[in-house]
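Just so we're on the same page: letters track the sequence lines, and every chain starts at 1.
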There are 2 protein chains.
Amino acid sequence: MVRRDDEADGEGEAGTVVTPSAEFPPLAERDLAALRRIGEQWYEAPSPRPDGELPVDPTLGRYPGRTVPGRFGRLAPIAMFQVGDPGELVAAESATAPRSRLGRGLIRVRRVVLGPPLRSSAVVSERMRKLVALPVLSSDLLSSVAYGPEAMLAVLVLAGSGALGLSLPLAAVLAVLMVVVGVSYRQTVVAYPHGAGSYVVATDNLGVRPGLAAAAGLMVDYVLTVAVSVSAGVHAVTSAMPGLSGYAVPFGVLTIALLLAGNLRGVRAAGNLFVWPTYAFVFALLALLLVGYVRAGARGFAPVDPPPVAVAEGLGLVLVLRAFASGAVSMTGIEAVSNAVPAFRRPEWRNARTTLGWMISMLVVLFVGLTLLIHLNGLVPEGEATLLSQLARVTFPTGPWYGLVQAATALILLLAANTAFAGFPRLLFFMARAGHAPRRFLHMGDRLAFSDGLIALALAAGLVFVTFGGHTQSLIPLYAVGVFLAFTLSQAGMVVHWRRRRGPGWRRRAAVNALGATLSGLVLVTAALTKFHEGAWVVVVAVPLLVLLALGIHRHYRLVDESLSLHPSPNGGRPPMALAPLPGAVEPGAPAEAQELPQQVRHLVVVPVARLNRAELRALAYAVSLGQPTLAVHIAPEDAEADRFREQWTAWGDHVRLEAIVSPYRAVIGPLAHYLEALHTSRPDVLLTVVVPEVVVRGRRYRPLHSRTEQRLRRALRPLPGVVVTNLPVHLDD
Amino acid sequence: MVRRDDEADGEGEAGTVVTPSAEFPPLAERDLAALRRIGEQWYEAPSPRPDGELPVDPTLGRYPGRTVPGRFGRLAPIAMFQVGDPGELVAAESATAPRSRLGRGLIRVRRVVLGPPLRSSAVVSERMRKLVALPVLSSDLLSSVAYGPEAMLAVLVLAGSGALGLSLPLAAVLAVLMVVVGVSYRQTVVAYPHGAGSYVVATDNLGVRPGLAAAAGLMVDYVLTVAVSVSAGVHAVTSAMPGLSGYAVPFGVLTIALLLAGNLRGVRAAGNLFVWPTYAFVFALLALLLVGYVRAGARGFAPVDPPPVAVAEGLGLVLVLRAFASGAVSMTGIEAVSNAVPAFRRPEWRNARTTLGWMISMLVVLFVGLTLLIHLNGLVPEGEATLLSQLARVTFPTGPWYGLVQAATALILLLAANTAFAGFPRLLFFMARAGHAPRRFLHMGDRLAFSDGLIALALAAGLVFVTFGGHTQSLIPLYAVGVFLAFTLSQAGMVVHWRRRRGPGWRRRAAVNALGATLSGLVLVTAALTKFHEGAWVVVVAVPLLVLLALGIHRHYRLVDESLSLHPSPNGGRPPMALAPLPGAVEPGAPAEAQELPQQVRHLVVVPVARLNRAELRALAYAVSLGQPTLAVHIAPEDAEADRFREQWTAWGDHVRLEAIVSPYRAVIGPLAHYLEALHTSRPDVLLTVVVPEVVVRGRRYRPLHSRTEQRLRRALRPLPGVVVTNLPVHLDD
């Protein structure tokens, strides 16, 4: 079992493990060292006042077991937190419940749909047995035999029915390709036991850009898979029940929503939903092949002559290549297993490799078997019925078998989308961990599924589906480009991998992968060229754009991380995106770690006061109680009002220095923000804390009756460094 | 000059003066007394630390005159604030400029459209001369003579052409009604020299509910006025240029937007825009009357017999009443002057009264003159051309005069909406000051117009206009109900007013108002009954709903004000909507003023820490520098992560007590909020201040890359009393 080297990405030993802790990457050694140096300086921090001991037991350990309903739930806090390890609290499920009645109702609905939340430690038990993994991961791959042979023959038949005989050598070549790619991926699974998608393999061995290109190709392909297979499934249903054809779009959207819901329930639940249709389809096709070959054997395997077809194009190399590329569509979905290794039970890599072997075998048997049987029966692609339908009709002239084959086909097409739901969020997880995708895709939902990735896929596919009005069949031509881009890069990466490792038998392994890469690359070029005008150009355009987007995201995260990192910038100077210094860090050239020390902070607490009522007095009391210098500011629309306010202030006792600003144009936020900026400019070493009371009233319907000054002020002050806004909620209980 | 009594609304001496300071009502005497008592107790507040003197000169007086561009504008702060009276800064116009480039561009556009901002002290010079006030305030009233006589005759003609002769006595009755209502309003203007709308008069003398009913009637009427007159004006234009008829709706919306912009420019600017069309209309109609009567005199004032018309209905009392109510439509808009008294130059009441006298005289002359001339010429309402158009055609058979009359009519109909723009925001101002409308309607925009009220009217009218697709003619029947409701209540209120005052000649004045109230009430009942099915039911439904809404708003504001008021609740006990006590005010029964004292506040500063980077360290430094007890909280998805974080914490030096909470369902906000609530419940006398760093990145496009934890946390903590959220922006400058 070979493990990949840890790259300089700071992923540490986590490697390709999928864990909820990925959101909290550990500190590098140099960060820890910086942290220790910073900690030394903190000993000079001002000690809290004599009464500075914590006034509360933070462990809640002494909290009596009263069952008073809290504001956030109906359970007493003691039921929400258990004391775990020393100094560690464990939140119970109820501690995540929302506060509002509507929110609690939604939670109940969500629980019915998605099931109860799963603990992080359940991540192991959420893994899949092989017999479950097979249908979950293979429905995309296997379903494509329903249209793969037909796609190939539909090109060949352009050169007349005589050219159909070429389907047998092409099928043989494709079978070789499948086996080569399959063996190649089996090697990848072993080499990358924690998930071995093309993105990881290509990034590891070829570099960031090829890795992102592979990822972009896969992302496009996953989205297309969902849109196309839902469209095909819906089409199958509406063909059977024409009355529903007006509802194709809502029906498809509903299907995508159901797929999303099923996957949000978690990996295991999704597997359970999709076990039977896949096995039913495989069983139906195997029965079809068995009966078909028995019948063919009864007539001595003599092929039936196909009906004559008008010749539309000459039989040339381009046509043969197009046919080959079209047949290769059957291989989309092979990536799923290698990407999903960690979802298998232990030992993950062995179970995944076995499953992959089964899948490839089944694919080859079904693809070659169907192509040969179609040839033996002399069937020709036509507009009305699919070849699979014709074959089933010929093979099962009577009885319910024909209907069963058709139903299983429709069902698996509909569910093939599920494979994409398994692969897409994992791909985004790996990308996000390397900083190439938004970090939110690192977060595991409460069913341990990557909720954000699932939702992103459902939204993108739903958008494509609705945009094309449910007629996504025109997207099939641009289907294979993305996936063969990923195949090629992944296997080229594996060649580099073996060359670097030089383990026992590396030449043989490298040769297998090199063959796979060459064949995949050939299919890629063929598909991109021959189908360019039919839509492949979309992928040719989208992939570089996605790569650029990912690089931009990565650049932004890198700048932010460098700015926030504890150790000084590696190039010694100011990082490209500098953290604005904390006021008080007077020397701008001081090392980063000297800029976040409490003893350097000088405070001025500013309280904007509009009128003297209990809310404003409470804000003043809060400000004064902090024991820092305090200043009150009043914005008046007229001189007379300012004078009147000053009188009230004097009546109160003038306990806080008051500054009245006359705003003759009656604006409030602008002058206040500018005043604070002027204060900040005049003494940049003073940190301004603006205390704003906010009257909180229950009931949204009262919101328009209260000015949102507090929010507008916060937005106006946001761009000012050195201005902290403190929001003091003043609650009115009725 | 009689002034109304000050009611218990706490408006003090402000009476009905319109001033920008209305947003800051002065404190009542008992509030001041409470303030003094509270101030006494503040002397026990903890004095700030030895370095507690203000570190900044708050007057900015010593601020050097550098012209460094600030973040909020390109002008140095010294140019933004001038030092006014001792201890008072005056914000210059530039201090209200927004910070973003887009914002500054919008400000420039706005200035071109609306003009530069006006200082509060300009409120006097923004007032109107009588010759300007007349067109601004009378366009609604005078324009209605364009359709008033026709509306009356269109009902009479249902009983055949013989019944048309009844128009003369009806016109006489209406003239009496106009004079009575006019004289009545002249008295009102004198009695309420600071604005004497029906709302104020009815509230003052009849009570809150009748006042609100009058206000609701007027509000409905103002909105209808705008929608209907814009629709009529657009119709006149599209009749002349049929090619534009497809653009009626956008054209009307544009007209409403132009009216809004003109009015946002301020009262005086609006007057300037609308002077000439009104005078042109009056001049055109007077010329029409002059020439018409000269021609009629030439034939000895012998009436021409009208053409025979089929009788559709018998001539009964109901029909006559309907005709009377229809003719009374001409009186809508009379309210405008009395509502707008403060917009006149000094002496406001005398100028307003004179203007009102002119308006009524003109109305009577035009209405009676037109009705009589129509009778003399034997004109009959027909579908094709309006009566006014027929009359102009008969009177000016040749020459450009006919076209001029038509153009002036179209223009004044279009501009009649402007009267509503003058009245509606003032009405809302008075309602808001009494707490019957949202307080935002108290705010004067930077052109001294009530921007929010203008915008509300434009939105409501635009909505009605668009909803009816520009065909708002069907709204005319429900037009008069609201305004006559207001007339009736206003004049009934005046009767009570005179009875209470019993000044010299009060019986005569009361009699005039009683007559006005009776006649108006008669018209109201007639209009509501005879036009109920044609649409008046909408008003009958809307008025009570608006009254209920206003009462609800008032109730809410009253509860909030009572809760926030400094003096104890008048009924001695807990106010109906109590201010949740500040933590530290241990005795719940303590008087209100004892609950907002700084010496009672006990602090615990809580810092949620996700990972140790400079942003989080800065938050910790800020928290510790406040010198209060501090606690750090870490939410971990797994035990292992919590342990790892604790190790980092120890490496740093464990300067702050750390509490790790394992959230096995991976939620962050919920457990944190519940933990804080549990802390708060265990020690309700401790005020929790949660310090949350927020990484601020320039450029909205980076927002999706950063989790909005800070905002979500604030929203989750909002319902918790005793939890203060401090937002520490950490700026990344590139």
- Task: Tell me, for B/Tyr557 versus chain A, whether the close heavy atoms (under 4.5 Å) come from the side chain, the backbone, both or neither.
- Result: side chain
- Message: Rounded to the nearest 0.5 Å, what separates atom CG in A/Leu728 from atom CG in B/Leu687?
- Response: 7.0 Å
- Using non-hydrogen atoms only, which part of B/Ile635 is less than 4.5 Å away from chain A: side chain, backbone, both, or neither? backbone
- Task: Supply the atom-to-atom distance A/Glu694 CD to B/Arg714 CZ, rounded to the nearest 0.5 angstrom.
- Result: 8.5 Å
- Mind listing the closest non-hydrogen atom pair of A/Val724 and B/Pro729 along with its distance? CA-CD, 4.2 Å
- Query: Of the non-hydrogen atoms in A/Arg36 and B/Ala651, which two are nearest, and what is the gap between them?
  - Reply: CG-O, 3.2 Å
- Message: Run the side chain to side chain donor-acceptor pair (under 3.5 Å) test against B/Arg440 and tell me which residues pass, sequence neighbours left out.
- Response: none
- Item | Options B/Asp561, B/Asp654, B/Thr726, ranked by heavy-atom pairs under 4.5 Å with chain A, top entry | B/Thr726
- Nearest non-hydrogen partners of A/Leu564 and B/Asn613, listed with the distance: O-CB, 3.3 Å
- Item | Pairs of heavy atoms under 4.5 Å with chain A: top-ranked of B/Arg611, B/Gln648, B/Arg439 | B/Gln648
- Which atom names give the shortest non-hydrogen contact between B/Ser625 and A/Pro598, and what distance separates them? CB-O, 3.4 Å
